[in-house]
Amino acid sequence: MTERPRTAETPARQNVTFPSAGGTAHGYLALPASGSGPGVLVIQEWWGLTDHIADVVDRLAAAGFVALAPDLYGGSVAHDSKEAGRMMQALPVAHGVELLSGAVEYLLSRPEVTSDTVGAVGFCMGGGFVLYLAAVDPRVSAAVPFYGVIQGELPDFSGLRARVLGHYGEQDGSVPPEKVDALRETIREQTGTAPDLRRYPAGHAFFNDRRPTYSPDAADRAWRSTVDFLHEQLG
């Protein structure tokens with residue numbers, strides 16, 4: 001998580017507002033060509049709601065989903081790793097989960113959403129938030145963390161109802177293999193079902209094509225399996 005983005009980012013991408021956590025939240029929403037489909041949340045990396053995250057939203061919409069990326073930083077985008085680290089640390093996990101639960105409520109309330117539950121896909125910090133959210137919100141039925149960073153102790157997964165498909169890099173110093181193994185075992189022990197946590201010959205942020213660690217082959221494999229998984233779980 002230490003490299004700078006390849007290029008400077010424009011301000012956070014936003015086109016919708018909705019009530020969340022006792023206030024007004026913002027996000028980026030995209031609809032499929034059909035006009036309706038299952039709902040999927042996209043949860044940002046520690047950089048913020050960047051062009052890359054908006055592109056993921058657009059790609060999910062192209063695959064048939066109503067996709068929403070809530071802006072957890074309220075419009076701010078980090079331009080270097082120190083700034084990103086400060087912004088991530090300034091977002092308490094409990095507050096982030098509260099904001100995301102509001103986004104789930106908003107997504108399910110939209111007439112274009114055809115599913116009774118939602119999927120959640122997140123990257124880096126957002127991958128960790130996928131797991132935090134799914135652990136407490138049964139409206140999340142499909143959880144897809146990409147190299148998810150857990151801040152502190154693992155959450156209590158005894159209330160987890162979602163199927164989990166995770167993507168991790170074998171050369172990821174931020175989320176080393178032993179942490180992935182511990183996550184798998186904890187979920188298995190607490191739910192009775194082992195998550196599908198996959199490894200790729202890649203480093204951290206291998207899905208982000210704006211980063212030097214981008215791995216096209218790993219990204220393509222992870223993306224294809226993610227889209228299939230979301231369709232299987234959400235319809």
Side-chain angles (χ1 to χ4, degrees), residues 15-32 34-44 49 53 56-57 60-61 63-72 91-123 125-146 148 150-151 154-167 183 186-188 190-197 225-235:
N15 62 6
V16 292
T17 61
F18 52 92
S20 184
T24 299
H26 301 263
Y28 179 73
L29 178 80
L31 303 178
S34 65
S36 63
V40 177
L41 283 187
V42 178
I43 309 179
Q44 68 195 49
L49 208 177
I53 296 301
V56 174
V57 172
L60 283 168
F65 301 98
V66 177
L68 169 68
D71 190 345
L72 297 181
L91 176 65
V93 169
H95 183 58
V97 170
E98 187 180 11
L99 286 169
L100 292 169
S101 289
V104 172
E105 182 72 26
Y106 169 70
L107 196 53
L108 289 173
S109 74
R110 291 194 61 101
E112 304 94 341
V113 173
T114 59
S115 55
D116 296 326
T117 58
V118 303
V121 180
F123 304 86
M125 178 189 81
F129 270 115
V130 163
L131 295 172
Y132 290 124
L133 177 66
V136 299
D137 196 329
R139 298 173 298 178
V140 178
S141 61
V144 187
F146 277 73
I150 295 290
Q151 301 175 55
L154 290 175
D156 178 1
F157 290 111
S158 59
L160 179 71
R161 298 294 177 267
R163 290 273 310 277
V164 178
L165 170 64
H167 305 293
L183 174 63
T186 298
I187 294 177
R188 187 195 64 78
Q190 295 182 0
T191 69
T193 302
D196 185 357
L197 304 183
S225 63
T226 294
V227 170
D228 290 344
F229 174 75
L230 291 171
H231 278 301
E232 289 169 3
Q233 299 307 309
L234 300 173

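Numbers for residues simply follow the sequence, beginning at 1.
L60 places a side-chain heavy atom less than 4.5 Å from the side chain of L230. In this structure, the side chains of D137 and L100 stay at 4.5 Å or more apart for every pair of heavy atoms. Inter-residue side-chain proximity for V164 and P145 is flagged as met; some heavy-atom pair is nearer than 4.5 Å. Contact check for F157 versus T193: no side-chain heavy atoms found under the 4.5 Å cut-off. Two residues are said to be in side-chain contact when any heavy atoms from C-beta on lie closer than 4.5 Å; F65 and S115 fail this criterion. Y132 has its side chain within reach of Q151: a pair of non-hydrogen atoms, C-beta onward, lies under 4.5 Å apart. No side-chain heavy atom of V40 sits under 4.5 Å from any side-chain heavy atom of P38.
With hydrogens and angles ignored, the 3.5 Å screen pairs a side-chain donor or acceptor of R139 with a backbone N or O of S101. A donor-acceptor pair under 3.5 Å links the side-chain atoms of H231 to the main chain of A63, judged by distance alone.
To the nearest 0.5 Å, atoms CG (L165) and CD (E232) are separated by 9.5 Å. Separation of atoms CG (L68) and OH (Y28) is listed at 11.0 Å; rounding is to 0.5 Å. Rounding to the nearest 0.5 angstrom, the gap separating the OG atom in S20 from the NE2 atom in H26 is 11.0 Å. One distance of note links OG1 of T186 with CG of L154; it measures 5.0 Å at 0.5 Å rounding.
When the options L99, L72, I150 are evaluated for a side chain to side chain contact (heavy atoms under 4.5 Å, CB included) with F129, the one that passes is L72. For the side chain to side chain contact (heavy atoms under 4.5 Å, CB included) test with V121, the passing option among T226, L41, I43, V227 is T226; the others fail.
The two atoms that bring G122 and V130 nearest to each other are N-CG2, 3.2 Å, heavy atoms only. Taking each heavy atom of L234 and G39 in turn, the nearest pair found is CD1-O, 3.6 Å. Taking all atoms of both residues into account, the shortest heavy-atom contact from P32 to G37 is CG-N, 4.3 Å. What you find for A67 and V57 is that their closest heavy atoms are O-CG1, 3.5 Å. Here the closest non-hydrogen pair linking R188 and P195 is N-CD, 4.4 Å. In terms of heavy atoms, L107 sits closest to V118 at CD2-CG1, 4.0 Å.
Within 6.0 Å of CG on D228 lie more than 12 heavy atoms contributed by other residues, nucleotides or ligands. For R110, the CZ atom sits in a packed shell: over 12 heavy atoms of surrounding residues, nucleotides or ligands are nearer than 6.0 Å.
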(request) Just do the side chain to side chain contact (heavy atoms under 4.5 Å, CB included) check on I187 and L197 with the steps written out, would you? (result) CA-CA 11 Å; I187 294 177; L197 304 183; 5.6 Å; no
(request) Might you work through the side chain to side chain contact (heavy atoms under 4.5 Å, CB included) test for V16 and Y106, ending with a clear yes or no? (result) CA-CA 10 Å; V16 292; Y106 169 70; 3.8 Å; yes
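Between F146 and H167, the ring planes lie tilted relative to each other; the angle falls in the 30° to 60° range.
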